[in-house]
Amino acid sequence: MGTRRQAYLDAMGIQTWAPRGGVASSETETLAPAAAESVETGPPTGLPIERLDWEALRAEVVACHRCSLAETRTQAVFGVGDPHADLLIVGEAPGADEDRLGEPFVGRAGQLLNLMLQAIGLKREQVYIANILKCRPPGNRDPHAEEAAHCRPFLLRQIALIQPKLILSVGRVSARNLLHSTDKVGCLRGRLHRFPETDTPLLVTYHPAYLLRSPEQKSKAWDDLQRVYRILHGRDE
Ligand code: SF4
């Protein structure tokens, strides 16, 4: 195990790991996340969402007023990463930092997510990161069902454009929305699910913000990450 990987595991609070296949290599073209967020967008096209390309989809989200969160957001947070990524990470909704910076998973939870990815040989730029909701709920409250329903077509189109090998759903809100479930993360993790609309393999794990509050759960998150690694490398039995 390389010293860099060990440093990531130490930072995560994970003490042991014996990889069966070595360090994952970079196989995907990357995009700089900040650059992806700064792309100029044109006006919405009026086309159905399921026919939009990346540029038109971004423009639609930036201008979206489908739900009342448009009134309180600083900006919509579209998503970031490699548009051809094997791994799509789906979180809950922008928080205060994300709302301010226009990028998902920044701040302490984002830093932990980066470490989690690095521990399985992935850079943040090699995956795609999105949320159930593109706009911040005031006070970081849970998304309302109608807000998630209004926003779902945008995520569906992102999934259709990316065509990931695997979706990693992080946290309770994400898992319940993606799987139409009321179960807890502790019940949903550890099993390979399928995202209903596209039949894409889907794993559930804890949200990094939860792991910061409950570090005793990091070993379970590490089990989940190892399975992500195995699936992405075709080694999941
Ligand atoms: S949360 Fe989604 S549906 Fe609501 S305004 Fe933002 S982009 Fe539109």
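None of these values were measured; they are calculated from a predicted model. Just so you know, ligand 1 is whichever comes first in the structure, and atom 1 is the first atom listed for that ligand.
Residue contacts to atom 8 (Fe) of ligand 1: Cys67 brings no N, O or S atom closer than 2.8 Å.
Of all atoms in ligand 1, listed by their number and element, those nearer than 4.0 Å to a heavy atom of Arg73 are 5 (S), 6 (Fe).
Nearest to atom 2 (Fe) of ligand 1 by heavy-atom distance, out of Ala148, Cys151, Pro94, is Cys151.
Relative ring orientation between Trp54 and Tyr128 is described as tilted, the plane-to-plane angle lying within the 30° to 60° band.
Applying the salt bridge (charged side-chain N to carboxylate O under 4.0 Å, His left out) rule to pairs touching residues 166-184 yields Asp142-Arg172, sequence neighbours excluded.
Looking only at protein heavy atoms, the nearest one to atom 6 (Fe) of ligand 1 is Cys135 SG, 2.3 Å. If you check which protein heavy atom lies closest to atom 8 (Fe) of ligand 1, you get Cys64 SG, 2.2 Å.
Residues Leu192 and Arg227 have side chains in contact (heavy-atom distance under 4.5 Å, counting atoms from C-beta outward).
For the residue pair Gln126 / Lys123, no side-chain donor-acceptor distance below 3.5 Å is found, with atom types taken as modelled.
For Arg51, the CZ atom is loosely surrounded, since the number of other residues' heavy atoms within 6.0 Å does not exceed 12.
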